[in-house]
Amino acid sequence: MKVRYVDFSGQYAAERPRLLKIFDRVMREGEYISGRDVEEFEKKFARLCGAGHAIGVANATDALTLALKGLGVGPGDEVITAPNSFIASAGAIAQAGAIPVFVDVKPDQLMDPSMLSGALTRRTKAILPVHLTGKVCDMEAINRFARRHGLKVVEDAAQAVGAKRGGRAAGSFGDAACFSFHPLKNLNAAGDAGAIVTGDAALAARLRLLRNHGLKSRNEVSFWGYNSRLDTLQAAVLSERLKGLAEVTRRRRLNAALYRKGLAGVVECPNDEPGARDVYHLFVIQADRRDELQVFLKSKGISTAIHYPTPIHLQPSARNLRGKAGDFPEAERQSRRILSLPVHQYLTNRQIGHVIACIREFYRR
Ligand SMILES: *Cc1c(COP(=O)(O)O)cnc(C)c1O
């Protein structure tokens with residue numbers, strides 16, 4: 001039995017008639033960047049996130065860079081983030097001209113708020129927590145720390161569209177939050193796309209200029225900006241897929257529950273705290289002999305992935321930053337143990353049963 005890590009062809013087969021209609025309409029209308037489709041998607045997306053404003057941009061890496069810049073983060077400033085994220089979290093801080101500073105994570109892979117005070121300096125300007133795997137960070141503790149020290153908070157919610165904690169949606173906790181609609185994410189475009197959400201109307205207005213060269217009107221430039229707009233076609237595709245997001249989340253949560261039940265006592269599975277709605281962009285187990293297990297599963301037709309094998313502070317690009325091998329022991333330990341199992345919405349219960357059976361077989365041998 002083959003178990004693929006992603007299934008784009010399954011997704012397209014399910015949506016083809018609707019997407020072809022959208023493609024035809026947008027092409028006939030001839031508005032390729034911005035416009036009504038983008039505005040409509042932004043409205044719906046802001047509502048989903050419990051935020052007042054959404055600003056569509058070209059991708060989540062730009063979203064993070066623009067959000068930081070829009071909040072006044074720049075050269076000389078330090079921004080605290082997690083070392084176990086996708087490279088873009090720290091990369092965006094560097095792109096904004098600031099310095100990424102790392103703190104270790106908890107066993108659940110999320111930023112450990114008790115580590116923040118150890119990373120604080122006179123230059124600290126913001127915190128950038130990452131809702132890794134689709135689980136919302138301990139935002140109450142992070143926001144408390146930020147308020148006490150006058151710091152801005154930018155949520156990296158790239159993996160957490162639709163996630164909740166204590167009844168509140170990812171994106172509603174920080175000064176701004178950034179989402180990715182990369183093809184691999186839970187709400188996916190047919191290419192690159194992203195959004196910033198915020199409850200701050202003045203920041204939203206600034207970001208709308210910042211994503212479009214700083215152009216206030218056709219010929220008036222308020223400040224230097226970027227070219228990072230959301231394509232009309234992508235916005236139209238996203239509006240269509242937004243309708244199915246609740247079902248995507250439901251399926252992923254069901255798949256996660258099956259794994260948790262079938263793998264109890266065999267490998268460490270992510271927990272599902274009461275009152276939270278984790279959206280399982282990734283289902284990450286923590287396992288002994290991880291590399292061997294991955295090879296074994298591959299031999300059984302099961303694709304898995306590692307998010308991410310090298311912590312950011314150990315990347316060559318980070319050599320001039322604070323933080324060397326051994327400084328973030330939990331993140332480093334996890335990097336050798338984590339394995340992402342297929343969890344997408346098109347998996348059948350039989351496929352999940354097969355993955356569970358193979359993992360159990362591996363540890364029996
Ligand atoms: C995917 C991802 C990003 C970057 O998103 P893009 O839209 O590809 O730029 C940033 N942070 C995290 C945690 C991600 O998973």
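Atoms within each ligand, like the ligands themselves, are counted from 1 in listed order.
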Trainee: Just jot down the salt bridge (charged side-chain N to carboxylate O under 4.0 Å, His left out) partners of D108, sequence neighbours excluded, or say none.
Mentor: K106

Trainee: Salt-bridged, R337 to E268, with N to O below 4.0 Å?
Mentor: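 Judged by the 4.0 Å cut-off on N to carboxylate O distance, R337 and E268 do form a salt bridge.
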
Trainee: Looking at CZ of R36 and OG1 of T232, how far apart are the two atoms once the value is rounded to the nearest 0.5 Å?
Mentor: 10.0 Å

Trainee: Can you find an N or O of D156 that's nearer than 3.5 Å to an N or O of ligand 1?
Mentor: yes

Trainee: Is any NZ, NE, NH1 or NH2 atom of the basic residue among R25 and D37 found under 4.0 Å from an Asp or Glu carboxylate oxygen of the other?
Mentor: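 Between D37 and R25 there is a salt bridge, with a charged N closer than 4.0 Å to a carboxylate O.
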
Trainee: Could R365 and F296 be counted as a cation-pi pair, given that NZ or CZ must be under 6.0 Å from the ring centre and within 45° of the axis?
Mentor: yes

Trainee: Check ligand 1 against N59 and write out every atom of the ligand that is under 4.0 Å from a heavy-atom position of the residue.
Mentor: 7 (O), 9 (O)

Trainee: Using a 4.0 Å heavy-atom cut-off, say whether S85 meets ligand 1 through its side chain, its backbone, both or neither.
Mentor: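 It is the side chain that gets close, since no backbone atom is under 4.0 Å.
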
Trainee: Can you tell me the protein heavy atom closest to atom 8 (O) of ligand 1 and the distance?
Mentor: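 Closest protein heavy atom to atom 8 (O) of ligand 1: H182 CD2, 3.8 Å.
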
Trainee: Taking heavy atoms and a distance under 4.0 Å, where does K185 meet ligand 1: side chain, backbone, both or neither?
Mentor: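 The answer is the side chain of K185.
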
Trainee: Using the rule given for side-chain hydrogen bond (donor to acceptor under 3.5 Å, both in side chains), can you reason through T121 versus E78, listing the C-alpha separation, both sets of side-chain angles and the distance that settles it, and then say yes or no?
Mentor: CA-CA 8 Å; T121 74; E78 293 178 359; 2.8 Å; yes

Trainee: Quick check: T61 and ligand 1, any N/O pair under 3.5 Å apart?
Mentor: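 N/O-N/O distance under 3.5 Å: yes.
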
Trainee: Do me a favour and list the nearest non-hydrogen protein atom to atom 15 (O) of ligand 1 with residue, atom name and distance?
Mentor: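 Going by distance alone, atom 15 (O) of ligand 1 is nearest to Q159 NE2, 2.8 Å.
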
Trainee: Is the closest N or O pair between V130 and ligand 1 shorter than 3.5 Å?
Mentor: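 The answer is no, given that V130 and ligand 1 share no N or O pair closer than 3.5 Å.
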
Trainee: Heavy-atom contacts under 4.0 Å between L184 and ligand 1: side chain, backbone, both, or neither?
Mentor: neither

Trainee: Is R165 paired with D138 through a side-chain N to carboxylate O contact shorter than 4.0 Å?
Mentor: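 Salt bridge: yes.
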
